[in-house]
**Q** 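Before we start, here is the structure in question, set down as structure tokens.
All ligand and atom numbering here is 1-based and tracks the order in the structure.
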Amino acid sequence: MRMGIDEGFSCLNCSGRACEFETGENPPQCVGGAAAALHDEVRARYAEPENRRIMKAAVVSSSKCGNLTRVQETIEFARLVGARKIGIATCTMLIGESRILGGLLEQAGFEVYGVACKVEGNHRSDLDLVLEDGVEGPVLCNPVMQARLLAEAGTDLNVVMGLCVGHDALFYKYTKAPTTTLVTKDHVTAHNACAGLYGAKTVYKKRLAETIAACRADVVASGEDA
Ligand code: SF4
């Protein structure tokens, strides 16, 4: 247990109503208790100028989100946060959608610069990633370069458009400008990742169970090896 965190209980075990609606009915193990030790540190972060600007913009844009599409909310957020130049880190498969977004942002008065994931055309062998099968495979994504090039372009805010799971993790790790996500890529559900959750107990249950079983075997085995 670290910092008063109860590993056996998290917000996922709670309805979330007590903290959202201030009902005063927080569970005894409420995660808010563990937050107390970090309160001052986190408050100091919010007081930093950039973070304050982002939070203030999000206060306004998220208050309207019930009536705005995420595209509208992104444009509104960019305006409120004072961005002038917007970077788009796009998957090549979503370059058409990114072009539409770029056009809308330009119409809204922003400068736009986009970098596609396959920039540089790296292959597995370039990054010493050829697997046992020896297959060179298709051109690899290059999320660190996307982040670096957007930093070189001097973007004030970046928007992720469908980067792969994992590649997005590296982009977020190396992006210099604050980054928001417009599209989470999901080839099976037309980029509606929540559909995989909604279908978890119904139509997709069987296929999902195969993925989970294979993963569990690996995760448990690696835990035993550790
Ligand atoms: S912070 Fe407390 S009340 Fe809110 S969801 Fe987490 S456990 Fe529940």
**Q** Who are the side chain to side chain contact (heavy atoms under 4.5 Å, CB included) partners of Y172, not counting sequence neighbours?
**A** V160, D168, T179, T181

**Q** Under the side chain to side chain contact (heavy atoms under 4.5 Å, CB included) test against I86, which residue among L105, N158, I75 passes?
**A** L105

**Q** Does the distance from a Lys or Arg side-chain N to an Asp or Glu carboxylate O, for E210 and K206, drop under 4.0 Å?
**A** no

**Q** Report the protein N/O/S neighbours of atom 2 (Fe) of ligand 1 that fall below 2.8 Å; do not count waters.
**A** C30 SG

**Q** Should you measure from each heavy atom of F9, which atoms of ligand 1 turn up under 4.0 Å away?
**A** 7 (S)

**Q** Within a 6.0 Å radius of atom CG on D133, are there more than 12 heavy atoms belonging to other residues, nucleotides or ligands?
**A** yes

**Q** Between A177 and T155, which heavy-atom pair has the shortest distance, and what is it?
**A** CB-O, 3.4 Å

**Q** Can E76 and R79 be counted as an ion pair, charged N to O under 4.0 angstrom?
**A** yes

